[in-house]
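When a residue number appears, it is its place in the shown sequence, counting from 1.
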Amino acid sequence: MFRWASPQPISTTQTALLEQAGGFRRPWGEAWEQPDGLDLVLFQPPHALLASGDMAAGVLGSAYDQLTAVSERLRLVNGERLMALGAAEIAHWLMGHPPARPLELPAVEPLLAATTLTLLQAIPGLEPAYQRLDGSSQRGGAAADLAYARRLQPSAEALLEAWSGLPFPPAPDSAADPAVQRLEALAEELERSVLACEAARERATRLQRLSEGRQAELRRSAQLLRRLIHLQARLF
């Protein structure tokens, strides 16, 4: 048996997996005051916190503060990385053996990913706080999530496919249905996010081309300077 805790919402799927592995959850307040004997501390990436529905926007900005304070003395694990292992593999790992495989991150549902991108823009410190925590956590050889925002960017095809799968109400009632109105507002926000991502990629491409052109000019200038120095040396 092992003991684990988290100050964040943990999905029922992750909780059930830990129970199957022999885990017992301690209340976070108790674990914070008496961390001795705590084997595992779980945290969630921003999109998982958003999906839980339990985190207000004002709370998300400080979602990783307490975890950062204990990152050097406790075993931290990204809850989504944990899903790469089965219950028996988790139990074997927590007995001191290397994990059976790297704790890779799963793909993020397109609509949730696009919404989270907007959230990251509204709370600038959220992404780096999460990335620092993931970088200091147990990953079993997997790479740290250093390109989180880029990983979240869904393709237009994936967004359209996810959108078309939503359960829309009948057309005559759609104008008066608040749920549909919220979905329409979300669709507009997602479209703006996609356009912003495309514009950012275009700007990055232009900057790269300008940089390459500047580097070529500098190389030509250096070659001319060397020729002038050589000619001056021959004259004198």
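- Looking at residues two or more places apart in sequence or on another chain, you find no side-chain hydrogen bond (donor to acceptor under 3.5 Å, both in side chains) involving Glu109.
- Partners of Glu19 under the side-chain contact (heavy atoms from CB on, under 4.5 Å) rule, at least two apart in sequence or in another chain, are Thr15.
- Side-chain contact between Leu85 and His92: absent, with no pair of heavy atoms (C-beta onward) separated by less than 4.5 Å.
- The two residues Leu105 and Arg81 make their nearest non-hydrogen contact at CD2-CG, 3.4 Å.
- Contact record, Ala91 with Ala21: CB-O, 3.5 Å, taken as the closest heavy-atom pair.
- Residues Leu82 and Trp93 are in side-chain contact: their nearest non-hydrogen atoms beyond the backbone lie under 4.5 Å apart.
- For the atom pair OG1 (Thr68) and CG (Leu133), the distance works out to 5.0 Å, reported to the nearest 0.5 Å.
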> For Leu152 and Leu120, what are the C-alpha separation, side-chain angles and deciding distance, and is it a side-chain contact (heavy atoms from CB on, under 4.5 Å)?
Replying inline: CA-CA 11 Å; Leu152 287 178; Leu120 296 182; 4.0 Å; yes

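- How far CG of Leu103 is from CZ of Arg139: 9.5 Å, rounded to the nearest 0.5 Å.
- Proximity of Val41 to Val77: side-chain heavy atoms (C-beta onward) are nowhere separated by under 4.5 Å.
- Between Asp39 and Arg75, none of the side-chain N atoms (NZ, or NE/NH1/NH2) sits under 4.0 Å from a carboxylate O, so this pair counts as no salt bridge.
- Contact record, Pro128 with Pro124: CD-O, 3.3 Å, taken as the closest heavy-atom pair.
- Between Met83 and Pro106, the closest side-chain pair of non-hydrogen atoms is not below 4.5 Å.
- Counting only heavy atoms from C-beta outward, the side chains of Glu161 and Pro110 never approach each other to under 4.5 Å.
- For the pair Glu30 (side chain) and Pro27 (backbone), a donor-acceptor distance under 3.5 Å is absent.
- Within the model, atoms CG of Leu40 and CG of Leu18 stand 6.5 Å from one another, a figure rounded to the nearest 0.5 Å.
- In terms of hydrophobic clustering, with Ile, Leu, Val, Met, Phe, Trp and Tyr side chains grouped at heavy-atom distances under 4.5 Å, Ile123 and Leu49 are assigned to a common cluster.
- Classified by interplanar angle (parallel below 30°, tilted 30° to 60°, perpendicular above 60°), the ring pair Phe43/Tyr64 is perpendicular.
- Both Phe2 and Ile10 are members of a single hydrophobic cluster when ILVMFWY side chains are connected at heavy-atom separations under 4.5 Å.
- Leu50 and Leu67 fall within a single hydrophobic cluster, where Ile, Leu, Val, Met, Phe, Trp and Tyr side chains are chained together by heavy-atom contacts under 4.5 Å.
- Taking CD from Glu104 and CD from Glu80, the interatomic distance works out to 13.0 Å, rounded to the nearest 0.5 Å.
- Looking at Leu60 and Pro46, their side chains never come closer than 4.5 Å, going by heavy atoms from C-beta outward.
- For the pair Ala149 and Leu117, the tightest heavy-atom approach, listed with the atom from each and the gap, is O-CD2, 3.4 Å.
- Between the side chains of Tyr148 and Asp134, no donor N or O sits under 3.5 Å from an acceptor N or O.
- In this structure, Gly141 and Pro102 approach most closely via the heavy-atom pair C-CB, 4.3 Å.
- Separating the CG atom in Leu42 from the CZ atom in Arg25 is a distance of 8.5 Å, to the nearest 0.5 Å.
- Contact record, Ala147 with Gln131: N-NE2, 3.8 Å, taken as the closest heavy-atom pair.
- For the residue pair Gln14 / Gln44, a side-chain donor-acceptor distance below 3.5 Å is found, with atom types taken as modelled.
- Judged by distance alone, the side chains of Gln66 and Trp28 do bring a donor and an acceptor atom under 3.5 Å apart.
- Atoms CD and CG, on Gln138 and Leu94 in that order, are 9.5 Å from each other to the nearest 0.5 Å.
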